[in-house]
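Values reported hereafter were calculated over all heavy atoms of this structure, with side chains retained and with hydrogens, waters and symmetry mates removed. Order of listing sets the numbers, starting from 1, for every ligand and every atom in it. We're numbering straight along the sequence, starting at 1.
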Amino acid sequence: MPERKKPPISRTELNECRRCALWRNATQGVPGEGAAHARIMLVGEQPGTQEDLQGSPFVGPAGHLLDEALGKAGLDRDKLFMTNAVKHFKFEWRGKRRLHKSPAQQEIEACNLWLERELEQVNPKVVVALGATAARAVLGRKSVTLGEMMDTPVEHEGRLVIATYHPSFALRQRSDEARTAAFERIVRSLRAAARLARGGEET
Ligand code: URA
């Protein structure tokens, strides 16, 4: 079994965080979870409604799709570390439903301290950014071109960072064809991450 110790950041610390206002409406902060010294870290955007309620990353519909993609890429979730760029759920009420709202740059920056701590302690060799928000947060840049980063890993602070679609992007596609194409692209990126973590070159 991969070594599991105290997560790099605790829920209590996140619940006490006042660096931005997202704590006000969220149920709780959602820290990253996974193997203490995972070679691969997956970074999403922010918790969704299920993650907010359950307190763990990627346990809702996007997480289920991600699990499927991990399985297809031959990666074991228990050996990875999963987290988000922003640790509180940002949403707006639509009737009785809480609809996801994208975090603002200021909120991403305010939360970066927690992501940095996770990166420092887990010290992964490869970081997979799921979507543009995650890529911006990991690289500390205001804009990134997802397309370029999907094909070419970027070296950043001693790690390899690759990007791929966020699983929610695949879920949002209207046609089966587009959904399958996005899903397969995620699988391809996860396979590339596995190769990079083993020390193989990406071509
Ligand atoms: N979307 C994310 O980016 N992260 C989660 O944990 C769940 C959904």
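Closest to atom 4 (N) of ligand 1 among all protein heavy atoms lies N84 OD1, 2.7 Å. Here the protein heavy atom with the shortest distance to atom 2 (C) of ligand 1 is Q46 O, 2.9 Å.
Under a cut-off of 6.0 angstrom, the local environment of CZ in F91 is crowded, with over 12 non-hydrogen atoms contributed by other residues, nucleotides or ligands. When the shell of 6.0 Å around CD of E177 is examined, it contains 12 or fewer heavy atoms from other residues, nucleotides or ligands.
Side-chain polar atoms of Q28 and H88 form no donor-acceptor pair below 3.5 angstrom.
Residue-level proximity to ligand 1 for E45 is carried by backbone and side chain together, each with a heavy atom below 4.0 angstrom.
Those atoms of ligand 1 that come under 4.0 Å of a heavy atom in G44, given as number and element, are 3 (O). Those atoms of ligand 1 that come under 4.0 Å of a heavy atom in H166, given as number and element, are 1 (N), 2 (C), 3 (O).
In this structure, Q50 has no heavy atom closer than 4.0 Å to ligand 1.
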How far apart are the C-alpha atoms of S189 and R185, what are their side-chain angles, what is the distance that settles it, and do they pass the side-chain hydrogen bond (donor to acceptor under 3.5 Å, both in side chains) test?
CA-CA 6 Å; S189 302; R185 193 64 187 78; 3.2 Å; yes
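Remark: ligand 1 and F58 share an N or O pair separated by less than 3.5 Å (distance only, no angle test).
Here the CD atom belonging to Q54 is positioned 10.0 Å from the OG1 atom belonging to T49, to the nearest 0.5 angstrom.
Using a 4.5 Å heavy-atom cutoff, the side chains of E68 and V187 are not in contact.
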